[in-house]
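I have placed the structure first, in the form of structure tokens, so that the comments after it can refer back to it.
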Amino acid sequence: MTEIHPEVAAVTERVVARSKDSRRAYLDLIERERESGVHRPTLACGNLAHGFAASGEDKAAIRAGRTMNIGIVTAYNDMLSAHQPYARYPDQIRVFARERGATAQVAGGTPAMCDGVTQGQLGMELSLFSRDTIALSTAVALSHGMYDGAALLGICDKIVPGLLMGALRFGHLPTILIPAGPMPSGLANKEKQRIRQLYAEGKVGREELLDSEAASYHGAGTCTFYGTANSNQMMMDVMGLHMPGASFINPGTKLRQAVTRAAIHRLTEIGADGNDYRPLGRCIDEKAIVNAVVGLLATGGSTNHAIHLPAIARAAGIVLDWEDFDRLSAVVPLIARVYPNGPGDVNNFHAAGGISFVIASLIDAGLLHDDILTVSGARLRDHARDPRLEGEELVFEDAPAESRDEQMLRKPAAAFQPDGGMRLVKGNLGRATFKTSAVDESRRTVEAPARVFSDQDDVIKAFKAGELEKDVIVVVRFQGPRANGMPELHKLTPPLGVLQDRGHKVALVTDGRMSGASGKVPAAIHLSPEALGGGIIGKIRDGDVVRLSAEEGLLEVLVDEAELAAREEAVQPTPAFGTGRELFAFMRQGCDTAEQGASALLAAAGL
């Protein structure tokens, strides 16, 4: 067994020590819930009768209570391409459960926002807090006490974190996450990016842009770029919460259905009444959380997980911070280049060896904890396998020994770059995340005058008016979770990319988020404290020189400390109404910092 890298071990010990009391309290909670919580055998007759009244042929088995009843929590809707395939999953899962003498019921549904649809729109201000809403919906679904295990159907950006945050409060239940896979590849990403920049420059019209986007996002399945949704799938794999190799099999295939079937069969084997009990709250421990960070860094995954992983960890009594990310990033090499960090998409990545190759390679290099409790197998290495069909039989084969495409996927010893590409930058402005993996080394330090905005649409207007044709650090404030729900600012990437391509030194500093597809423009994001929380970003003025350096881990406004202290804070724009945003005011007001996970739910619960 390969010895774990000393810095990975040190960060893990740091997390364990910091989490000692909260993790103990969490494990005590799930043990109490297992022993004395709400369970089917303890329900009164009226309660139980309600629970199986509409169960048809499964009624007798659920009533008898002698076999596992699986609670399905589904984020299905047929607008979100990644989740549209879930429509038929409950019926299939019921059949798969019966094959093992078990039963399954849809415990409940959760909302499932599409960040692709809301990107740059008013609805994006609901997006981050949809994660807390999903967690609450998951808790409602599992609260009935009818279930002995859970199958979580969700893929995209806030959905997987929200499902886990809710399910971890029922962490005594064995739980498997079941993906549906990415859509087949469409328009080449490089061409899509070219059309977007031409549109930003006014050189093509809306019809040409829509043709390009429709050729890219063209069918059922996850978007094929390596953003937050596909980073979610990678993390579930390196935490051992999927069946091996489940993430990137296209929807609607026999192999996809066979892997879903295997997941349900496996779920029936890891219940509390058997000899192989594997509750979710034990599977997600400190080592599994560190594995998720390592996998994220090694593959150039979404910066959104600098918010989501601390929130997932807190729900399991584990305290993770951005210094943990930064220290791991210094020793975890980048071994994958998937668009927007490279030309190929997740289908190309999967064909090159995919997650199984990543897991095997990182374990061999001592960068992943192999000794974790997973949903299948004796250790994480048992998840470094790929499913395939031999006739009608599902078999799993070991990961390829070598990458099938060295331009996309490599072993750590031949990595694309020696670090994981996600740095903590800090200084008198606070603490922020800088994703370096797609940013050219020559652009990782920018010092330039600031141009300050409180609305991303005003940045677009200034760009179109030619006001940003210079070296500039664009500061966009009042975009934090307490101010407006922390929308992604993805639509700023094309115009800032145009300015950079014209030879200007350009960077973005914001207390908001960038997309999981954040690309070549240097950006300090998730800045904490945010403007509404008294952050110094609220005191920056046009023309102030700001220095942002990934190499130095630095983010500073170069203004005398006394002058900064004397300045008035900027006034928050009037909170917006419409598109339901006013209904989330209580979440904004109760939210904690981005580094803590930006969750009103966890803050109010004292977790």
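If you're wondering where the values come from, they're calculated on a predicted model, not measured in any experiment.
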Distance, nearest 0.5 Å, that separates [atom1] of [X] from [atom2] of [Y]:
{"X": "Ser137", "Y": "Ile159", "atom1": "OG", "atom2": "CD1", "result": "11.0 Å"}
{"X": "Asp148", "Y": "Asp273", "atom1": "CG", "atom2": "CG", "result": "7.0 Å"}
{"X": "Met422", "Y": "Leu296", "atom1": "CE", "atom2": "CG", "result": "4.5 Å"}
{"X": "Leu394", "Y": "Arg388", "atom1": "CG", "atom2": "CZ", "result": "10.0 Å"}
{"X": "Thr224", "Y": "Asn348", "atom1": "OG1", "atom2": "CG", "result": "8.5 Å"}
{"X": "Ile289", "Y": "Ile318", "atom1": "CD1", "atom2": "CD1", "result": "5.0 Å"}

Is the closest side-chain donor-acceptor distance between [X] and [Y] under 3.5 Å?
{"X": "Asn291", "Y": "His369", "result": "no"}
{"X": "His305", "Y": "Ser231", "result": "no"}
{"X": "Ser403", "Y": "Glu406", "result": "no"}
{"X": "Ser356", "Y": "Asp386", "result": "yes"}

Electrostatic pair [X]:[Y] at N-O distance under 4.0 angstrom:
{"X": "Asp592", "Y": "Arg314", "value": "yes"}
{"X": "Arg385", "Y": "Asp398", "value": "no"}
{"X": "Arg24", "Y": "Asp28", "value": "yes"}
{"X": "Lys411", "Y": "Asp364", "value": "no"}
{"X": "Glu269", "Y": "Arg100", "value": "yes"}
{"X": "Asp324", "Y": "Arg18", "value": "yes"}

Measure from the side-chain N and O atoms of [X] to the backbone N and O of [Y], and report whether any donor-acceptor pair falls under 3.5 Å.
{"X": "His83", "Y": "Ala75", "value": "yes"}
{"X": "Arg379", "Y": "Leu373", "value": "no"}
{"X": "Asn230", "Y": "Ile155", "value": "no"}
{"X": "Thr74", "Y": "Gly109", "value": "no"}
{"X": "Asp132", "Y": "Leu601", "value": "yes"}
{"X": "Arg431", "Y": "Ser528", "value": "no"}
{"X": "Trp322", "Y": "Thr433", "value": "no"}
{"X": "Thr67", "Y": "Gly101", "value": "yes"}
{"X": "Glu393", "Y": "Glu390", "value": "no"}
{"X": "Lys254", "Y": "Glu392", "value": "no"}

Are the side chains of [Y] and [X] in contact, using a 4.5 Å heavy-atom criterion?
{"X": "Asp382", "Y": "Pro244", "result": "no"}
{"X": "Thr138", "Y": "Arg169", "result": "no"}
{"X": "Leu168", "Y": "Ile312", "result": "yes"}
{"X": "Gln92", "Y": "Arg261", "result": "no"}
{"X": "Val160", "Y": "Leu177", "result": "yes"}
{"X": "Leu27", "Y": "Arg23", "result": "yes"}
{"X": "Gln233", "Y": "Val346", "result": "no"}
{"X": "Glu551", "Y": "Thr436", "result": "no"}

Tell me whether the count of non-hydrogen atoms from other residues, nucleotides or ligands lying under 6.0 Å of CD in Glu441 goes above 12.
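Result for CD/Glu441: open.
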Mark yes when over 12 heavy atoms from residues, nucleotides or ligands other than Arg34 sit less than 6.0 Å from its CZ; otherwise mark no.
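Check passes, neighbour count above 12.
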Check [X] against [Y] and note the closest heavy-atom contact, atom names and distance.
{"X": "Ala360", "Y": "Ala399", "value": "CB-CB, 4.2 Å"}
{"X": "Ala104", "Y": "Ile93", "value": "CB-CG2, 3.9 Å"}
{"X": "Tyr147", "Y": "Leu173", "value": "O-CD2, 3.5 Å"}
{"X": "Arg266", "Y": "Gly377", "value": "NH2-N, 4.3 Å"}
{"X": "Pro481", "Y": "Leu128", "value": "CB-CD2, 4.2 Å"}
{"X": "Leu334", "Y": "Gly300", "value": "CD1-N, 3.4 Å"}

Step-by-step side-chain contact (heavy atoms from CB on, under 4.5 Å) determination, Phe349 to Val358
CA-CA 10 Å; Phe349 168 73; Val358 167; 3.9 Å; yes
Can you classify the ring geometry of His172 versus Phe170 as parallel (below 30°), tilted (30 to 60°) or perpendicular (above 60°)?
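Geometry flag for Phe170 against His172: tilted rings.
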After noting the C-alpha distance and the side-chain angles of Asp321 and Val15, does the key distance pass the side-chain contact (heavy atoms from CB on, under 4.5 Å) rule?
CA-CA 9 Å; Asp321 68 20; Val15 174; over 6 Å; no
Which of these, Thr110, Asn232, Asp115, sits in a side-chain hydrogen bond (donor to acceptor under 3.5 Å, both in side chains) with Lys158?
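The single option meeting the side-chain hydrogen bond (donor to acceptor under 3.5 Å, both in side chains) with Lys158 is Asp115.
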Looking at Asp345, Asn341, Thr299, which hits side-chain hydrogen bond (donor to acceptor under 3.5 Å, both in side chains) with Tyr226?
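For Tyr226, the side-chain hydrogen bond (donor to acceptor under 3.5 Å, both in side chains) check succeeds only for Thr299.
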For Lys287 and Thr12, what are the C-alpha separation, side-chain angles and deciding distance, and is it a side-chain contact (heavy atoms from CB on, under 4.5 Å)?
CA-CA 6 Å; Lys287 289 182 177 180; Thr12 305; 4.0 Å; yes
Start with the C-alpha gap between Phe325 and Leu424, add the side-chain angles, then the distance that decides, and say whether side-chain contact (heavy atoms from CB on, under 4.5 Å) holds.
CA-CA 8 Å; Phe325 282 80; Leu424 170 66; over 6 Å; no
